[in-house]
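Working notes for the structure below.
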Amino acid sequence: MKTKKRLLIPLLSILAGSTAWAETPEDYRFPRECTTTDAGYPVPLCGKPLTKTPVIAKQKGDKPLKKYPEYFIPEKETLSDNEMRITAVGSGNPPVRRGQAATSWLVELGNGDNFIIDAGGGTVPALWSLRIPLASFDKLFVTHLHLDHVGGILNLWDSMGWARNTPLHVWGSSGSTPELGVAAFVENIEKAALWHTVSKTGIIAGDGMKIVAHEFDGQQFTPEKPRALVYNENGVKIYAFPVDHILIGAVGYRLEWSGMSMVYTGDSIPTKFEAEQAQGVDVFIHELFIDAPTFSEKNSMPLKIAENVVNEHTPADMLGRVFSIAKPILGVGTHFFVNDYTIDPAFAGIASNYDGPVVIAQDLMVINVTPEQIVTRMAKTDLLSWAAPAPRAKGQKPPKLDPAPTEGRTQSWVTKTRF
Ligand SMILES: [Zn+2]
Ligand SMILES: [Zn+2]
């Protein structure tokens with residue numbers, strides 16, 4: 001039936017003299033048939049989340065639970081007032097792969113707010129494919145300034161400049177010196193992008209080409225003051241707390257809204273402290289790293305270097321320990337190389353210390369959180385998606401164009417030869 005229908009639509013369009021081909025994102029298929037690993041987990045990239053607990057009821061009772069379609073299709077589901085949707089925009093590592101970009105998470109709330117946490121390399125196309133008005137993406141929280149977490153900022157900033165005429169706001173920590181903080185990072189991005197912004201002045205809205213840093217003090221934390229409220233608007237509270245990741249300035253975030261909560265810790269060597277910061281959350285997203293010999297072999301990396309990298313991260317059995325203290329309703333391992341042969345050892349390692357519900361993230365995995373349940377699915381999105389229709393974001397004024405530059409323009413002997 002499906003095949004017939006798909007052939008019929010273009011044929012009818014031709015007969016009707018129309019060039020409008022049906023745009024049906026549902027027709028985008030995952031690249032693989034779904035089989036399972038030896039331990040019974042779906043294989044990566046087959047359209048199923050990597051878990052055995054895709055649906056978790058939070059409370060026992062007779063109330064019927066909301067049913068979700070098998071896949072999340074952009075624009076086809078609206079969030080209810082009391083619902084949170086968390087999307088793995090990028091679930092991978094610095095060696096960005098076509099099937100797994102670096103790190104980025106999107107948190108959408110039923111009140112209309114959304115938050116991007118980290119914007120690693122290669123993540124922006126997946127974000128755009130979610131068909132959310134680009135103008136509404138203006139809040140980015142950065143866990144730390146490793147490029148696999150911030151390497152996509154230029155792309156994020158640029159793409160949004162087309163659709164938005166308000167600045168991109170970036171929250172993040174200070175470092176141990178002014179040069180190592182998020183404010184200096186943003187200032188340097190603006191300096192590096194000067195040719196870009198000067199050349200576009202007078203063509204696109206100037207305010208959309210601005211980035212504003214909101215740097216909080218990364219050295220304020222103590223055992224007595226383990227976390228700081230760094231965002232508090234519209235009923236949304238976001239707390240930052242330090243994590244053990246090489247330098248001062250690496251933080252995790254805990255977002256609380258309407259009785260629901262999520263924590264994302266960025267990168268870290270596992271600690272009891274960070275586990276305690278995530279206690280009782282609905283969704284705890286924590287990094288997970290493959291073992292050094294596999295990392296070394298698959299990336300053609302000397303074992304010593306692979307060990308150095310792995311030692312700054314979280315092996316599977318330690319993630320189990322972290323989850324066993326935090327006891328989230330759903331534990332999420334991310335920043336992991338998902339391959340058929342990496343899945344089972346990771347789940348086995350986690351299970352050696354923890355028996356609660358766990359999922360390993362893939363790009364475009366979607367988690368819906370309500371007071372009643374947590375449901376994990378995969379999204380299907382259009383590979384050639386256009387920008388979503390853009391109702392003006394709240395508070396946005398009509399675009400204002402600054403005067404175009406008069407100095408330093410392309411030499412007249414070149415422009416005189418224009419056709
Ligand atoms: Zn990282
Ligand atoms: Zn890092």
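All ligand and atom numbering here is 1-based and tracks the order in the structure. Numbering starts at 1 and runs along the sequence shown.
- Although no hydrogens or angles enter the test, the distance criterion places a donor-acceptor pair under 3.5 Å between the side chain of Q373 and the main chain of K66.
- A salt bridge is absent between R85 and E83; no separation between the charged side-chain nitrogens and carboxylate oxygens falls under 4.0 Å.
- Protein N/O/S atoms closer than 2.8 Å to the Zn ion (ligand 1), listed by chain and residue number, are D148 OD2, H149 NE2, D267 OD2, H335 NE2.
- Between F221 and F241, the gap from one ring centroid to the other reaches at least 6.0 Å.
- A ring-centre distance under 6.0 Å is found for F141 and Y253.
- No salt bridge links D382 with R131; every basic N to acidic carboxylate O contact stays at or beyond 4.0 Å.
- Taking the ring centroids of F284 and F323, they lie under the 6.0 Å cut-off.
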